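A short write-up of the structure that comes next.
Please read these numbers as outputs of a predicted model, since none were measured by experiment.
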Amino acid sequence: MRVRKLREMGQAIRRDWDNYKVGLLIAAVVVAGAGLLGHGVCPSREILGLPCPGCGLTRSILLILRGHFRESWQLQPFGYAWLALAAVFALDRYVLESPQKMWKGLLTVICVGMVALYTYRMVTMFPHTEPMTYYEGNLLRRAYGWGQAIRAGKNISPPCL
């Protein structure tokens, strides 16, 4: 394993930007647009009203970065794992020259752990404890309400999404 020179690090970052910039820019536009419209970016929550295994992850990471460690752990303990994994990944990919063979295993362990925690929380916390709450403004519920109103003969127009 060799430490890259500063120039090589810059080249690796530039190469990744060139390969992934379209996807990163689309993701940034979706997140910003959803935020400006007052919606979240989780399809499960927005469409079905149900939390997903990653529910609270972004808030958890932001809490860690602000120094609110206990609140982060209570919200989503895997925020620590993802933040650590991102830091190690960046170090491994851009600073050290290594084969990066361990990532699939680490990602699998984290994802299996998140699904296990999600299952436990759905049984013990849903639907009244953050982050395992039901979102009543979800698209499925609104569509059902519109259908009921149309069948009842009420003249309604659906609100902007």
Single-linkage hydrophobic cluster Leu57~Phe89, side-chain heavy atoms < 4.5 angstrom: yes

Can you name the closest pair of heavy atoms from Gln76 and Ser60 and give their distance? O-OG, 2.8 Å

Rounded to the nearest 0.5 Å, how far apart are CE of Met125 and OH of Tyr120? 8.5 Å

Nearest 0.5 angstrom please: Tyr118 OH to Cys55 SG, how far? 8.5 Å

Is a donor on one side and an acceptor on the other found under 3.5 Å between the side chain of Thr133 and the backbone of Thr129? no

Considering non-hydrogen atoms only, spot the tightest contact between Ile47 and Asn138 and give its length. O-OD1, 3.4 Å

What I want to find out is whether Glu136 reaches Arg142 closely enough, with some N-O distance under 4.0 Å, to be called a salt bridge. no

Going by heavy atoms in the side chains, are Leu48 and Leu139 under 4.5 Å from each other? no

With the threshold set at 4.0 Å, does a side-chain nitrogen-carboxylate oxygen contact exist between Glu8 and Arg2? yes

Given side chains that start at C-beta, do those of Met122 and Pro51 come closer than 4.5 Å, heavy atoms only? yes

So do the side chains of Trp17 and Leu24 get within less than 4.5 Å of each other, counting heavy atoms only? yes

Compare every heavy atom of Arg59 with every heavy atom of Pro131, then report the nearest pair and how far apart it is. CB-NH2, 3.7 Å

Which heavy atom of Ile64 sits nearest to which heavy atom of Phe69, and what is that distance? O-CE2, 3.5 Å

Are Asp16 and Arg93 ion-paired here, with the side-chain N under 4.0 Å from a carboxylate O? yes

Leu117-Leu107 co-clustered via ILVMFWY side chain contacts under 4.5 Å: yes

Using atom types as modelled and distance alone, determine if a side-chain donor or acceptor of Asn19 lies under 3.5 Å from a backbone N or O of Arg15. yes

Considering non-hydrogen atoms only, spot the tightest contact between Leu50 and Ser44 and give its length. O-OG, 2.8 Å

Between Pro53 and Met114, the two heavy atoms sitting closest are O-CE, 3.4 Å

Mind checking whether Tyr134 and Phe126 have parallel, tilted or perpendicular rings, split at 30° and 60°? perpendicular

Counting neighbours of CG on Leu6 that are heavy atoms of other residues, nucleotides or ligands and sit closer than 6.0 Å, is the number greater than 12? no

With hydrophobic residues grouped by side-chain heavy-atom distances under 4.5 Å, do Leu106 and Ile61 end up in a single group? yes

Do Leu96 and Met9 sit in one hydrophobic cluster, given that two such residues count as connected whenever their side-chain heavy atoms are within less than 4.5 Å of each other, even indirectly? yes

Test item: side-chain donor near acceptor, Arg151 and Gln148, under 3.5 Å: yes

To the nearest 0.5 Å, what is the distance between CG (Leu62) and NE2 (His68)? 10.5 Å

Using the rule that Ile, Leu, Val, Met, Phe, Trp and Tyr join whenever any side-chain heavy atoms are under 4.5 Å apart, tell me whether Trp82 and Tyr80 fall into a single cluster. yes

